[in-house]
Participant: 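Below is the structure I would like to discuss, written out as structure tokens.
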Amino acid sequence: MAMAAASFLLPRSKYRSPDILSKLTIPPAFSYWRSQDISASFNPNDLRYNFISRVFAREYANKYRQRLVFLILDAGNFHNPKVCYGSSGYSSRDLPSPEFKAGSRTFKAQAVYFEKPGESQVTVYWICINQRIVDWIGQKWLEFLYAVLNKEKTGLMVRMDIPCTAQTIDSALKLSREFISQLAAELPSDQQAYLFGR
């Protein structure tokens, strides 16, 4: 009990990780996708991002001018995207969990439709800790366990933000599935597990 209390009550230092993210070879262009790096828009020295070690952020567009933002957060304690978007004035609606195929792997993700006047999108995300996709309860349990044991872990949140309207949600989800399927085909098999689980 004392160890548990100490791990949560004592001040936390900046989160550090084994830095798997910098070792992933995610191509800036593949199939009919092209991208631009937007990671500079995230400042990891900002105290609001104290739980984040590194950010990978690119905006990809395909030959049909459909686009999405692909994010990977290397972080120590994730929070639900609804917290961020809610504080920015978006309303949210949970969507049924979409299923993804990444190489030989199949997994389910979380999806939320966010909307405010003039802007709307679908956000699809999942959390992969030590090459295992976990839900929110699993994530909190592992955070607690690794904090008590004072062990490093690899914790990544993979997220896609796809602009759409309430009428084009299905198309946005289809686009996200196509993107992940095509991206997985470009990644070495030993790297896929960090993003898509074992």
Side-chain angles (χ1 to χ4, degrees), residues 8 12 14-15 17 21 24 26 33 35-62 65-100 102 107-129 133-143 154-180 183 194-197:
F8 284 100
R12 296 186 183 202
K14 171 75 175 173
Y15 167 73
S17 78
L21 190 52
L24 299 179
I26 299 169
W33 295 93
S35 73
Q36 63 178 11
D37 186 356
I38 58 171
S39 54
S41 61
F42 295 86
N43 178 8
N45 296 318
D46 188 321
L47 291 179
R48 291 177 299 171
Y49 306 122
N50 204 43
F51 67 99
I52 296 175
S53 176
R54 294 182 188 278
V55 176
F56 173 95
R58 284 191 191 144
E59 182 177 60
Y60 283 86
N62 65 18
R65 297 187 179 179
Q66 297 169 300
R67 60 187 177 86
L68 59 79
V69 172
F70 183 61
L71 295 167
I72 307 172
L73 305 177
D74 181 354
N77 186 16
F78 300 102
H79 60 262
N80 195 304
K82 288 192 282 189
V83 174
C84 296
Y85 281 95
S87 64
S88 298
Y90 285 86
S91 61
S92 64
R93 174 164 52 99
D94 289 325
L95 301 172
S97 298
E99 188 170 271
F100 287 86
F107 63 92
K108 286 196 172 184
Q110 303 300 312
V112 184
Y113 175 67
F114 291 107
E115 185 176 34
K116 72 177 181 179
E119 292 180 46
S120 55
Q121 69 180 48
V122 165
T123 293
V124 178
Y125 67 94
W126 61 91
I127 298 170
C128 196
I129 296 179
I133 293 181
V134 297
D135 59 15
W136 287 109
I137 295 172
Q139 184 250 156
K140 293 300 181 188
W141 165 247
L142 289 174
E143 294 295 341
T154 301
L156 302 177
M157 175 186 274
V158 185
R159 193 176 107 189
M160 290 173 285
D161 297 332
I162 308 108
C164 71
T165 65
Q167 291 74 37
T168 59
I169 289 173
D170 288 342
S171 297
L173 292 172
K174 180 182 177 184
L175 185 69
S176 70
R177 285 192 287 267
E178 289 174 1
F179 177 82
I180 291 300
L183 173 63
Y194 289 107
L195 298 182
F196 312 126

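If you read the sequence from its start, that first residue is 1, and numbering goes on from there.
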Participant: Could you tell me if the side chain of Glu119 sits less than 4.5 Å from the side chain of Tyr90, heavy atoms only?
Facilitator: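 They are in contact (side-chain heavy atoms under 4.5 Å apart), so the answer is yes.
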Participant: Does some side-chain heavy atom of Ile169 sit less than 4.5 Å from a side-chain heavy atom of Leu95?
Facilitator: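 In contact.
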Participant: Anything under 30° is parallel, anything over 60° is perpendicular, the rest tilted; go ahead and classify Phe56 against Phe70.
Facilitator: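 Perpendicular.
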Participant: Would Tyr125 and Met160 count as a side-chain contact (heavy atoms from CB on, under 4.5 Å) here? Give the steps.
Facilitator: CA-CA 6 Å; Tyr125 67 94; Met160 290 173 285; over 6 Å; no
Participant: Kindly write out the residues that satisfy salt bridge (charged side-chain N to carboxylate O under 4.0 Å, His left out) with Glu59, not counting sequence neighbours, or none if the list is empty.
Facilitator: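 Listed in chain order: Arg67.
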Participant: Under a 3.5 Å threshold, yes or no: a donor from one side chain and an acceptor from the other, between Thr168 and Thr165?
Facilitator: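 Yes, side-chain donor-acceptor contact under 3.5 Å.
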Participant: Is a donor on one side and an acceptor on the other found under 3.5 Å between the side chain of Tyr113 and the backbone of Ala166?
Facilitator: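 Checked: pair present.
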Participant: Please round to the nearest 0.5 Å and tell me the distance separating atom CG of Leu68 and atom CD of Gln121.
Facilitator: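 Output value for this atom pair is 11.0 Å.
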Participant: Report yes if some heavy atom in the side chain of Val69 is under 4.5 Å from a heavy atom in the side chain of Ile38; otherwise report no.
Facilitator: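 With C-beta onward as the side chain, the pair touches.
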Participant: Could you check whether any side-chain N or O of Trp126 sits under 3.5 Å from a backbone N or O of Leu195, counting only pairs where one atom can act as donor and the other as acceptor?
Facilitator: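 Side chain of Trp126 to backbone of Leu195, a donor-acceptor pair under 3.5 Å: yes, one is there.
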Participant: Restricting to non-hydrogen atoms, name the atom on Ala109 and the atom on Val124 that form the minimum distance, rounded to 0.1 Å.
Facilitator: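 Result for this residue pair: CB-CG1, 3.8 Å.
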Participant: Which heavy-atom pair separates Tyr194 from Leu156 by the least distance, and what is that distance?
Facilitator: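 For Tyr194 and Leu156, the tightest heavy-atom pair comes out as O-CD1, 3.5 Å.
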Participant: Say you draw a straight line from CD of Glu115 to OG of Ser92; how long is it, rounded to the nearest 0.5 Å?
Facilitator: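 These two atoms lie 11.0 Å from each other.
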Participant: Counting C-beta onward and ignoring hydrogens, is there a side-chain heavy-atom pair between Ser35 and Trp33 closer than 4.5 Å?
Facilitator: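 They are not in side-chain contact.
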Participant: Could you pull out the closest heavy-atom pair between Arg177 and Glu99, with the gap in Å?
Facilitator: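 Where Arg177 meets Glu99 most closely, the heavy atoms are CD-O, 3.1 Å.
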Participant: List the atom of Leu183, the atom of Ile26, and the distance in Å for their closest heavy-atom pair.
Facilitator: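 Minimum heavy-atom separation between Leu183 and Ile26: CD1-CG2, 3.9 Å.
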Participant: Within a radius of less than 6.0 Å around NZ of Lys116, do more than 12 heavy atoms belonging to other residues, nucleotides or ligands occur?
Facilitator: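 Enclosed.
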Participant: Which word best sums up how the rings of Tyr85 and Phe114 line up, parallel for under 30°, tilted for 30 to 60°, or perpendicular for over 60°?
Facilitator: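 Because their plane-to-plane angle is under 30°, the rings of Tyr85 and Phe114 count as parallel.
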Participant: Using the salt bridge (charged side-chain N to carboxylate O under 4.0 Å, His left out) criterion, which residues pair with Arg159? Sequence neighbours excluded.
Facilitator: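 Here the qualifying residues are Asp161.
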Participant: Do side-chain atoms of Thr123 reach the backbone of Val112 as a donor and acceptor pair under 3.5 angstrom?
Facilitator: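 Side chain of Thr123 to backbone of Val112: no pair is present.
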Participant: Kindly compute the distance separating CD (Gln66) from CD1 (Ile162), expressed to the nearest 0.5 Å.
Facilitator: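 Rounded to the nearest 0.5 Å, the CD-CD1 separation comes to 10.5 Å.
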Participant: Counting N and O atoms only, with roles assigned by atom type, does the side chain of Asn80 sit under 3.5 Å from a partner on the main chain of Val83, one being a donor and the other an acceptor?
Facilitator: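 Not confirmed, Asn80 side chain does not pair with Val83 backbone.
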Participant: Is there a side-chain contact between Ile127 and Gln110 in this structure, where contact means two heavy atoms from C-beta onward sitting under 4.5 Å apart?
Facilitator: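 Ile127 does not reach Gln110 side chain to side chain.
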Participant: Quick one: list whatever passes side chain to side chain donor-acceptor pair (under 3.5 Å) with Arg93, sequence neighbours left out.
Facilitator: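 Result, side chain to side chain donor-acceptor pair (under 3.5 Å) vs Arg93: none returned.
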Participant: Rounded to the nearest 0.5 Å, what's the gap from CG on Leu71 to CG on Leu73? Could you check?
Facilitator: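 Reported to 0.5 Å precision, the distance equals 6.0 Å.
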Participant: Rounded to the nearest 0.5 Å, how far apart are SG of Cys164 and CG of Leu173?
Facilitator: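 Spacing of SG (Cys164) from CG (Leu173) equals 7.5 Å.
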